[in-house]
Amino acid sequence: MKEELEKRYEPKNFEQRIYKSWEEGGYFTPIVDRERPKFSIVIPPPNVTGRLHIGHALVNTLIDIVVRWKRMSGFNTLWVPGTDHAGIATQMVVERKLAAQGISRFDIGREAFVEKIWEWKHQHATEIKDQLVRLGASADWSREHFTLDDQLSRAVRHVFVKLYEDGLIYRDLAMVNWCPQCRTAISDIEVEFRDRPNAKLWHIDYPVEGETVPRVPRSSSVEATPESSEELRGTPRNSEALPPTRRLTVATTRPETMLGDTAVAVHPDDERYKDLIGKFVTLPIVNRRIPVIGDAILVDPAFGTGVVKVTPAHDKNDYQTGLRHDLPQVQVIGEDGKMTANAGPAFEGLDRYVARKNVVALLEEQGLLAKIEQHAHTVGVHGKCDTDIEPMISRQWFVKIEPLATPAIEVVRNGQVQILPQSWEATYFNWMENIHDWTISRQLWWGHRIPAFHCPNGHTTVSIDDPASCPQCGAEVTQETDVLDTWFSSALWPFSTLGWPDKTADLDAFYPTDTLITGFDILFFWVARMIMMGLRFTGRPPFSHVFLNGLVRDEQGQKMSKSKGNVIDPLDIVDEVGADALRFTLAISASGRDIPLGKSRIQGYSAFVNKIWNASRFALMHLDTELKDAGPIDRDALRTVERWILSRLNATTAEVNRSLSAYRFDEAANALYHFFWHEFCDWYLEMVKPVLLGKHGQDADRAAAKRVLLEVLDRSLRLLHPFMPFVTEEIWQKLGGVEPSIMVAPYPISEVVLEDPQAERLLVAVQAIITAIRNARAERGFTPKDRFKLYIRGNTARESNFFREYAYLLIDLARLTEVIIEGEPPAGTHQDVVEGFHIAIEFPEKVVSPEQVERTRREIEKTEKELAVVGGQLGNEQFVRNAPQAVVQQAQARQAELAARLEKLQQNQ
RNA sequence: GCGGAGUUAGCUCAGCGGUAGAGCAUCUCGCUUACACCGAGGGGGUCGGGGGUUCGAAUCCCUCACUCCGCACCA
């Protein structure tokens, strides 16, 4: 064998060295090979902005597990890595950096600013890669991409032009979500909703023209706040100042928008107000004459006062209402969130929230503020900068989405694309079936500039190559200044990274990809759009399986956030305990639901890595043949223990492969954890120790044990490799295998010849017997140092032989003086039935403590209870008649065993 | 309001029709030359409440309660 393992497991001594050796071996880069089945997957491209967080660590660990598993399983495997230019996010980072120097992007202009971002990008380009490398990601770095690469930009342009030509991209005036901070439109799903429990609802009186009837009684359902009600209901001063004009009271959360009101709406069937429809009210402050309209869609007569002010330029519903009634649109808030000239000289230039205060103050002064209520509601904000969204009418580019969504729904419905965990499919359908057109233009500088060219005569040309002049009139053209939503380019990622629109060998060999692994939070942003674009432009879904993983939370189940200070940095963990422990912890926690992750949990699994290290060290101390020189195993020469551990390993192999196929990383990891620690280390290694140390058995036994030990270690390491690539490689290198690296060694598959139910049954019995003896010893207050004589009898000659052969194990592990196989146990021994075997232990006389008496009493009670349950069951005719035979037999065996135990317990009492 | 998920041992979760499980934590005993990042053992649960189906329900159905996540609405 090669040199031994270091005494202590120190991941930092070898992780980086090993990664380098993989890269040098070229194992990450597949060679196009039509003979072998392929497996391909693309990374969810992280934003170029900065560090990877724990969520990235999770996704990329799971991807790497699948990729390494597939690669070892014989697939020609490709993992495409890369990063996303992340439009707004990146632009904001660089803007902030400039702001620190007192520079705004407008100071230096578009070209210089974009240049700055590129500079910044180049400085940080390798950071993401370095972090993925630390995790052990086996991605093909020779195929790394960036969404603003020339190649990908070309794909974007092709798609845009084609969609435009097909009539699926259009430019139109529409109400969009506008971020006054970022000064750009954003799409519906970029809007996040925040609760504002202490918001207010202002009630404002609009005097009705030519109506002097007494005021309409206010709806009784509206409770006035104590401080506002009396004071504002109309003080004598105000009553004198104003004629007894009839007023309509509207309720609003945004009083500043009243400056842009162009109507007041009531429900057409509302008895209180229907007579006013068609009349006019005077808009306070502005003194504009605006109509009272009846609109059943906008107005819910039960809410507020039943009267709604209509501001078509600043509210989605009002916009629609305006279109229905042909109302003018008066824009009073500008792109910067400040009031426009339309708001009047008193307000022009004021921030919208300052204007709100002033409007309210002015209304109060004029006695038109009927009351102020507390009103909890939610407001839309821009998720990236937390600024309140301003609905705004502007000219934007849209993708007509329905023709794309329909086939994308179909492929999920018919199973061509499978989303796991399956419950997400309902969410997917729900969204896709109610989808709105996609606003794709952004008034940013960082991104793919829209390939549309305008000329002064109003012609617009959309083309793949920049036109020299307007094709229609020959005039000079200027390119559209807007850029595309960053998700537009990521939607093409699975095929653009493989060379599309060119017909490349990669595209031919690796598209469609097989699996997509990503966070559920970008199901709509990314996954759905990839399916739509993939179908539209390649005719095939971009992948067949989607595995959505949950959110990584802290150990209390809280979201990780900087402000709470509960953020776990994956790189810190890698530094502390190594990448393997982090990866294994993430894998064993990944069932698809949210993952509560704490340091103690990671610590727990780092103990497992340590265990693997030490068990391997022990094995290596006794192994003297290299894998490549070890001949085949002669199964006929094996003892039961060897056949047992091979059988268990085989079952584990089946379970791991099955679980990975179903994306149950948790189950696969659990199976390995349990097998390696509790079956291999706790039982098998303890059982072969006497043989390996030469204390028991013949030379032939020792040789067979060593051969099997080598086999089990080798296979276990290979099974574990996708989960913990570094430590398995470091150890495996000492085994002297044929392949240069464990990552290109074949992944174990289960083999029927290794199954051995009989050996498993006997070893289960041995383990249970040893446990029973240990229990009985402890119950009687003996220490492990006290040794006893055991009587045991096999039910067949073969079984008796087995116990004779393994008596040394029982003596060793259960700490006995001797084992009598056939002899009759003398009276007074402690007797028990374990797994169908009668055992008797000869304990010496010993004074029994009160605790032991109590324990026995409780044991009897418990056994009696269980016996009663089983008895009741067996006494039930319907059970005996209807239940499957096996179940009935099981119950009968259980009854017999319980009865026997009870008898012995009573004897011992 | 619509859709989805959850409620099982102190904590985090698995089990999803036939004796209540794991990891961590806790307690007891043991430094047995791979590992104290260890080994052996113990304690701890009327599986959210109620009803139903069934010989049998943590598991299937209904219902209620609470928690979480989407989406829509929010004058």
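So that the names make sense, note that chain A is the first sequence line, chain B the second, and so on, each numbered from 1.
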field: Residues which pass side-chain hydrogen bond (donor to acceptor under 3.5 Å, both in side chains) with A:Q892, listed by chain and number, not counting sequence neighbours
entry: none
query: Tell me, for nucleotides 22-40 of chain B in 5' to 3' order, what letter each nucleotide earns: B for a base near a protein heavy atom under 4.0 Å, S for only sugar-phosphate near one, - for neither?
result: -S--------B-BB-BSSS
task: With sequence neighbours left out, write down each residue that passes salt bridge (charged side-chain N to carboxylate O under 4.0 Å, His left out) with A:D188, or none if nothing qualifies.
output: A:K316
query: Roughly how far apart, to the nearest Å, are B:rG39 and B:rC31 at atom C1'?
result: 10 Å
message: Short of 4.0 Å, heavy atom to strand atom, which residues of residues 882-893 of chain A count as contacting RNA chain B?
response: A:N882, A:A883, A:P884, A:V887
Short N/O separations, protein against nucleotides 68-72 of chain B, under 3.5 angstrom:
none

Interatomic distance where CD belongs to A:E425 and C1' belongs to B:rA5 [whole Å]: 15 Å
task: Let me see the working for A:T321 and A:D295 under side-chain hydrogen bond (donor to acceptor under 3.5 Å, both in side chains), right down to the final yes or no.
output: CA-CA 8 Å; A:T321 307; A:D295 194 289; 4.7 Å; no
message: I want to check a possible cation-pi pair here: A:R413 against A:F429, using under 6.0 Å from ring centre and within 45° of the ring axis as the test.
response: yes
- prompt: Would you call A:E390 and A:I333 a side-chain contact if the rule is heavy atoms closer than 4.5 Å?
  reply: yes
field: Euclidean distance for P, B:rG48 against B:rG42 (whole angstrom)
entry: 27 Å
Nearest-angstrom distance from the residue atom CG of A:L523 to P of B:rG3: 18 Å
statement: Per atom distances to the A:N317 side chain, the nearest of B:rA5, B:rG15, B:rC74 is B:rC74
query: Taking only Watson-Crick and G-U wobble pairs with both distances under 3.5 Å, what dot-bracket line describes RNA chain B, where [ ] shows pairs that cross earlier ones and | shows pairs with another strand?
result: ((((((((.[[[[.)..(..]]]].(((((.......))))).....[[[[[..)....]]]]])))))))....
message: Reading RNA chain B from 5' onward, which residue's closest nucleotide shows up sooner: A:V870 or A:R664?
response: A:R664
